[in-house]
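To find a chain, count down the sequence lines: A is the first, B the second, and so on, and within it residues start at 1.
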Amino acid sequence: MQRDKCGELRREAAGREVVLAGWVHRVRDLGGVTFVDLRDASGIVQLVLRSATHLSREDVIRIAGTVRLREARNPSLPTGDVEVEVEEVEVLSRAKPLPLSVAEEGLPSEETRLRYRYLDLRRPRMQRNLRLRHRAGMAIRTYLDREGFVEVETPMLTRSTPEGARDFLVPSRLARGTFYALPQSPQLFKQILVTSGVERYFQIVRCFRDEDLRADRQPEFTQLDLEMAFLEEPEELFPLLEGLASHVFRETIGVEIALPLPRLPHAEAIARYGSDKPDLRFGMEIADVSSLFAAGPLRLFAEVVAGGGAVRALPVPGGAGRSRGELAKLEEVAQGHGLPGLAWVKLGEAITSSFGKHVPAETLSAIAAQAGAHHGDLILLAAGRPEVASTSLGDLRLRLATELGLIPEGRWALAWIVDFPLFKEGEGRLESEHHPFTSPRDEDLPFLTRDPLKVRAKCYDLVVNGVELASGSIRIHRRELQEQIFRILGIGEEEAERRFGFFLRALEYGAPPHGGIAFGLDRWMMMMAGEASIREVIAFPKTTTGACPLTDAPAPVDEGQLRELGLRLAP
RNA sequence: GGGGACGUGGUCUAGGCUGGACUAGGACACCGGAUUGUCACUCCGGAGACCGCGGGUUCAAAUCCCGUCGUCCCCGCCA
């Protein structure tokens with residue numbers, strides 16, 4: 001269909017004969033003359049109709065006409081200098097009265113939006129989001145291609161390798177009673193690919209996890225997955241990834257990211273911000289004031305410190321005026337983390353505290369100094385196991401900063417979180433902090449047998465504004481070490497062979513040292529688009545119950561289909 | 001698995017706490033009419049909802065209670 005683009009008509013086009021096709025955006029019928037805003041992917045232009053063709057919103061039409069300069073321009077449209085005097089109109093397709101408003105304000109319910117997604121996606125904001133995502137994808141591919149990466153597809157029908165989440169299963173017809181699993185990530189395939197001589201692999205790939213949904217979680221989601229051979233240390237990978245991230249930010253939303261990015265050891269992130277994905281757009285750092293209480297006047301806190309615990313302090317700017325009730329609410333948050341309570345110091349006209357007279361004024365001043373708090377501020381104190389004390393205050397730090405409007409908009413605070421522990425305590429056994437294929441740090445290898453919880457991993461997260469954007473590691477490339485890790489995780493030799501045998505074997509035929517990372521692409525898009533939900537950057541997302549209102553999936557299947565698969569539904 | 005919020009014409013919403021003139025109001029969309037310079041056009045008129053569904057309390061339920069379904073948010077879960 002030969003046609004011109006609505007959004008590209010400018011002053012210079014005046015006098016030209018054009019053919020336009022698009023959707024009727026709005027109709028203003030003045031009787032003798034009717035104005036129609038015609039919309040196509042390029043934008044909107046005003047048509048002038050003098051014939052009596054009845055048009056409704058979202059009708060699809062094709063017109064032929066002449067571009068003319070307007071008497072009065074419309075400054076709110078890029079095409080506002082011109083209009084098209086219509087000579088011929090052809091209705092290509094009628095639109096019924098709309099089941100939802102295509103206006104930006106007063107959004108319909110999520111379900112209605114998804115049921116009529118083809119209308120919902122016509123909103124400028126959604127069009128913008130789709131295009132933003134496309135630009136990001138282009139930027140990613142351009143950058144990685146230039147760096148010598150090869151995009152390789154990996155199977156969607158694969159085997160269940162019970163890692164973290166619940167698998168989506170696909171029954172096999174040819175081998176009754178067996179199942180494929182949809183991949184939670186291409187983890188093992190990408191490691192096998194670098195072992196196969198693809199020294200630089202990447203893929204923009206769909207992943208599947210059958211867990212409950214959230215605003216930032218869908219059962220199927222997209223990762224930017226990449227892996228490189230001949231890496232032994234995280235630092236060898238960071239410059240490339242930083243280049244990628246800054247390139248994508250620049251090409252997608254025009255934001256410049258200052259490089260190199262700060263590195264923050266995991267332990268420090270917890271201590272200073274009470275989170276392994278700290279929001280670094282603002283201060284309010286947590287201070288350790290344990291030493292002030294170690295031999296101090298408060299027996300309760302002294303005992304905590306003596307028992308290996310810590311007392312940590314969070315400054316709250318301008319918080320000195322908080323009422324007892326407000327403090328109680330904050331305390332509830334801390335209690336939710338398992339702390340018995342919160343202590344506080346107010347730097348008001350006088351310095352007051354929840355300690356009454358038990359703690360001398362000079363100690364209170366010392367606390368204020370260490371917490372970096374000033375006149376008018378409040379200091380919240382948490383005492384307990386160091387991590388619990390910190391994460392409780394970390395939670396409060398975020399809540400209070402949000403409430404106080406201390407988080408600057410338009411800032412992008414990126415950082416690497418490094419030196420995660422390799423293991424964490426699970427239910428009666430050790431679990432991988434990242435995943436079982438993560439390499440321990442060389443200097444911590446001696447602790448593997450003696451004190452595994454002390455072992456740090458060659459593992460890293462890329463954190464943006466308090467959101468985990470990407471997570472990766474240097475992998476284990478020697479079978480013996482991989483088997484040792486499995487043993488520590490309580491995966492026996494027989495089980496390891498059964499579940500991961502194919503992978504262990506691959507490590508026996510010349511596997512280079514390697515490592516990589518996976519970005520949560522949807523979350524990244526969500527942030528760049530300034531959206532609060534991942535669904536706004538996914539064309540056809542699912543509801544919280546995993547349903548698709550557009551197609552009504554999931555749906556029952558015919559008895560015959562089940563029979564072919566050898567399946568019968570339990571009563 | 002648990003907690004919370006919401007559900008009123010096609011869409012968004014008022015009403016709900018404190019049940020009775022609610023004969024459920026408004027805006028947008030829709031239909032009819034007027035209208036030759038609008039651009040969120042305007043003006044006049046019209047149609048359209050038994051208030052998600054089921055049960056209960058009551059003389060009386062959109063309103064109170066219970067259940068259920070749906071949507072959203074959070075905790076658990078998500079290597």
Between [atom2] on [N] and [atom1] on [X], what's the gap in Å once rounded to a whole number?
{"X": "A/R57", "N": "B/C28", "atom1": "CZ", "atom2": "C1'", "value": "8 Å"}
{"X": "A/R123", "N": "B/A40", "atom1": "CZ", "atom2": "P", "value": "19 Å"}
{"X": "A/L114", "N": "B/U71", "atom1": "CG", "atom2": "C1'", "value": "10 Å"}
{"X": "A/Q335", "N": "B/C75", "atom1": "CD", "atom2": "P", "value": "19 Å"}
{"X": "A/R166", "N": "B/G76", "atom1": "CZ", "atom2": "P", "value": "15 Å"}
{"X": "A/L100", "N": "B/C30", "atom1": "CG", "atom2": "C1'", "value": "15 Å"}
{"X": "A/E531", "N": "B/C72", "atom1": "CD", "atom2": "P", "value": "15 Å"}

Q. What about A/R217, does its side chain sit under 3.5 Å from the base of B/C78 through a donor-acceptor pair?
A. yes
Q | Under-3.5 Å donor-acceptor pair between A/E211 side chain and B/G76 base | A | no
For the side chain of [X], starting at C-beta, report the closest nucleotide among [options].
{"X": "A/R50", "options": "B/C77, B/C39, B/U36", "result": "B/U36"}
{"X": "A/V48", "options": "B/G37, B/A40, B/C78", "result": "B/G37"}
{"X": "A/P99", "options": "B/G10, B/G70, B/U11", "result": "B/G10"}
{"X": "A/P97", "options": "B/C30, B/U11, B/C72", "result": "B/C30"}
{"X": "A/T544", "options": "B/C73, B/C30, B/C78", "result": "B/C73"}
{"X": "A/A72", "options": "B/C73, B/C39, B/U36", "result": "B/C39"}
{"X": "A/R70", "options": "B/C39, B/C41, B/C74", "result": "B/C39"}
{"X": "A/S109", "options": "B/U38, B/U11, B/C12", "result": "B/C12"}
{"X": "A/P108", "options": "B/G76, B/C12, B/G37", "result": "B/C12"}
{"X": "A/R535", "options": "B/C73, B/C78, B/C39", "result": "B/C73"}

Across all strands, who's sitting opposite [N] as a Watson-Crick or G-U wobble pair, both distances under 3.5 Å?
{"N": "B/C72", "value": "B/G4"}
{"N": "B/C43", "value": "B/G33"}
{"N": "B/A61", "value": "none"}
{"N": "B/G48", "value": "none"}
{"N": "B/U23", "value": "none"}
{"N": "B/C28", "value": "B/G10"}
{"N": "B/C78", "value": "none"}
{"N": "B/G67", "value": "B/C53"}

Would a line drawn from the ring center of [X] to the ring center of [Y] be shorter than 6.0 Å?
{"X": "A/F208", "Y": "A/F221", "answer": "no"}
{"X": "A/F437", "Y": "A/F500", "answer": "yes"}
{"X": "A/F420", "Y": "A/Y460", "answer": "no"}

Q) Taking only side-chain nitrogens and oxygens of A/H25, does any of them come within less than 4.0 Å of OP1 or OP2 of B/C39? A) no
Q: Would you tell me if any nitrogen or oxygen in the side chain of A/R26 comes within less than 4.0 Å of OP1 or OP2 on B/A40?
A: no
Q.
With rounding to the nearest 0.5 angstrom, report the CZ to CD1 distance, A/R535 to A/I538.
A. 9.0 Å
Q | Gap between atom CG of A/L507 and atom CD of A/Q191 - 0.5 Å precision | A | 7.5 Å
(Q) Using the C1' atom as the point on both nucleotides, what is the distance between B/U57 and B/C43, in whole Å? (A) 50 Å
Q.
Under 4.0 Å, counting only non-hydrogen atoms across every strand here, what does A/E433 touch: a base, just sugar-phosphate, or nothing?
A. sugar-phosphate
(Q) Just to be sure I understand the rule, does A/T545 reach a base, reach only the sugar-phosphate, or reach nothing, if contact means heavy atoms closer than 4.0 Å? (A) sugar-phosphate
Q.
One pair to check against salt bridge (charged side-chain N to carboxylate O under 4.0 Å, His left out): A/D216 and A/R214. What are the steps and the verdict?
A. CA-CA 5 Å; A/D216 61 354; A/R214 284 284 194 290; over 6 Å; no
Q: Cation-pi check, A/K190 to A/Y201: give yes when NZ or CZ is under 6.0 Å from the six-membered ring centre and within 45° of the ring axis, no otherwise.
A: no
